[in-house]
Amino acid sequence: MLGSDINFFYYSGTGNTLLIVNEMIKIFSEKEIHVHSHKIEHTDPKKIDTGKTLGFAFPVAFQSAFPFIWNFINNLPQAKGTSVFMIDTMMAFSGAIVGPLKKVLISKGYTCIGAREIVMPNNWFPKKIDDEKNRKKINDGLEKARKYAEELIDDKASWNRIPFLSKGLYHICCNDLMMKRINLADGRRITVDKEKCLRCGLCSKLCPVNNIEMKEYPVWHNSCEVCMRCLSFCPVNAVFIPGKEFKKYRAVKAKELLTESSGES
Ligand SMILES: Cc1cc2nc3c(=O)[nH]c(=O)nc-3n(C[C@H](O)[C@H](O)[C@H](O)COP(=O)(O)O)c2cc1C
């Protein structure tokens, strides 16, 4: 059961997930379901109130979710049947999140009432950006989000998974070696063009894992998870990866990702 009070925890790198979350909140509000939204990157999972229904939303990364999202999930408190729903956004396919997440939540005593994956535009080093196609994807995605919210309200949602596929892919995608290789390949090469940099500190403020220290210029430490925020939102295109060509994708303005919480609906 969804109940009438929801704590909705989300992370959105470039805005796709935020658009979906806001759309779902609209539908919930129309039915007088109160939603408090919180940013995953600013939440201590250990302090979450398990007395209310929980919602989780985040983008797919490497067939699964970013390590800091897993860290959040793994640190959730034990519950006594608290209802949970999830939603992720992705460019095409995920194999290692819906099933593995359900497994962790069940082991912690949660009741999994619904999971949905929604295709949205690609934000991972896109080679080109087709505004018209992206607009269509977003509109289709928002439609799916509305339907999913209604299914949750009507108690008709479900949390399905493909057990073998998700288990196998989870082990391939979410191991430390894989993460380190990805991290080394891209995250550790992110740098700033000092000629262009305005020293505004936006990249540092946006980083969900506090990996960017604002000194005279931004300095990247070693815990980048390649969420794309600093690369996508630099107002003067000063943040880059040497030798890597891609277009910037963003679905919202940076300030919408920085606003502390969309609050209570
Ligand atoms: C590092 C990284 C890895 C990604 N891996 C996948 C993936 O495995 N499968 C997929 O369909 N999309 C993948 N994507 C695309 C995003 O999941 C998708 O564009 C998502 O909607 C972005 O949401 P956001 O704007 O809320 O961050 C990846 C994106 C990033 C940045």
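Counting starts at 1 for both ligands and their atoms, following the listed order. Heads up: numbering here begins at 1 and tracks the sequence.
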*asked:* With side chain to side chain contact (heavy atoms under 4.5 Å, CB included) as the criterion, how do Met214 and Arg199 come out once you've worked through the C-alpha distance, each side chain's angles and the decisive distance to 0.1 Å?
replied: CA-CA 8 Å; Met214 202 53 207; Arg199 294 191 271 161; 4.0 Å; yes
*asked:* So if I count the atoms of ligand 1 from 1 in the order they appear, which ones are less than 4.0 Å from some heavy atom of Val226?
replied: 1 (C), 31 (C)
*Looking only at distances, please establish whether an N/O atom of ligand 1 is found under 3.5 Å from an N/O atom of Pro121.*
yes
*Would you say Phe62 has any N or O atom under 3.5 Å from an N or O of ligand 1, going by distance alone?*
yes
_Nitrogen or oxygen atoms of Tyr249 and ligand 1 under 3.5 Å apart_ = no
_So does Leu2 get a backbone contact from the side chain of Thr53, meaning a donor-acceptor N/O pair under 3.5 Å?_
yes
_Any carboxylate oxygen within less than 4.0 angstrom of a Lys/Arg side-chain nitrogen, looking at Asp140 and Lys136?_
yes
_Under 3.5 Å: donor-acceptor pair, side chain of Lys248, backbone of Cys234_ = yes
*Please indicate whether any nitrogen or oxygen in Ala61 is less than 3.5 Å from any nitrogen or oxygen in ligand 1.*
no
*Nitrogen or oxygen of Gln63 less than 3.5 angstrom from that of ligand 1*: yes
*Is there a donor-acceptor pair closer than 3.5 Å between any side-chain N or O of Asn211 and the backbone N or O of His221?*
yes
*At a 4.0 Å threshold, what atoms of ligand 1 neighbour a non-hydrogen atom of Asn16?*
19 (O), 20 (C), 21 (O), 22 (C), 23 (O), 24 (P), 25 (O), 26 (O)
*Look at atom CD of Gln78 and say whether more than 12 heavy atoms of other residues, nucleotides or ligands are closer to it than 6.0 Å.*
yes
*Would you say Glu225 and ligand 1 have an N/O pair spaced under 3.5 Å apart?*
no
*Is a side-chain donor or acceptor of Asn16 paired with a backbone partner of Pro121 at a separation under 3.5 angstrom?*
yes
*Evaluate the criterion salt bridge (charged side-chain N to carboxylate O under 4.0 Å, His left out) for residue pair Lys253 and Glu256; output intermediate values, then yes/no.*
CA-CA 6 Å; Lys253 295 201 168 85; Glu256 292 175 62; 5.5 Å; no
*asked:* Is there a polar contact between ligand 1 and Tyr11, counting only N or O atoms under 3.5 Å apart?
replied: no
*asked:* Any nitrogen or oxygen of Leu18 lying under 3.5 Å from a nitrogen or oxygen in ligand 1? Just yes or no.
replied: no
*Output yes when the distance from some N or O of ligand 1 to some N or O of Ser12 is under 3.5 Å, and no in every other case.*
yes
*Could a heavy atom of Gly15 be found less than 4.0 Å from some atom of ligand 1?*
yes
*asked:* If the cut-off is 4.0 Å to any non-hydrogen atom of Thr14, which atoms of ligand 1 fall inside it?
replied: 24 (P), 25 (O), 27 (O)
*Phe72 and Tyr11: ring-ring contact (aromatic ring centres under 6.0 Å, His included), yes or no, with the steps?*
CA-CA 11 Å; Phe72 173 86; Tyr11 168 74; over 10 Å; no
*Numbering the atoms of ligand 1 from 1, which are under 4.0 Å from a heavy atom of Met228?*
31 (C)
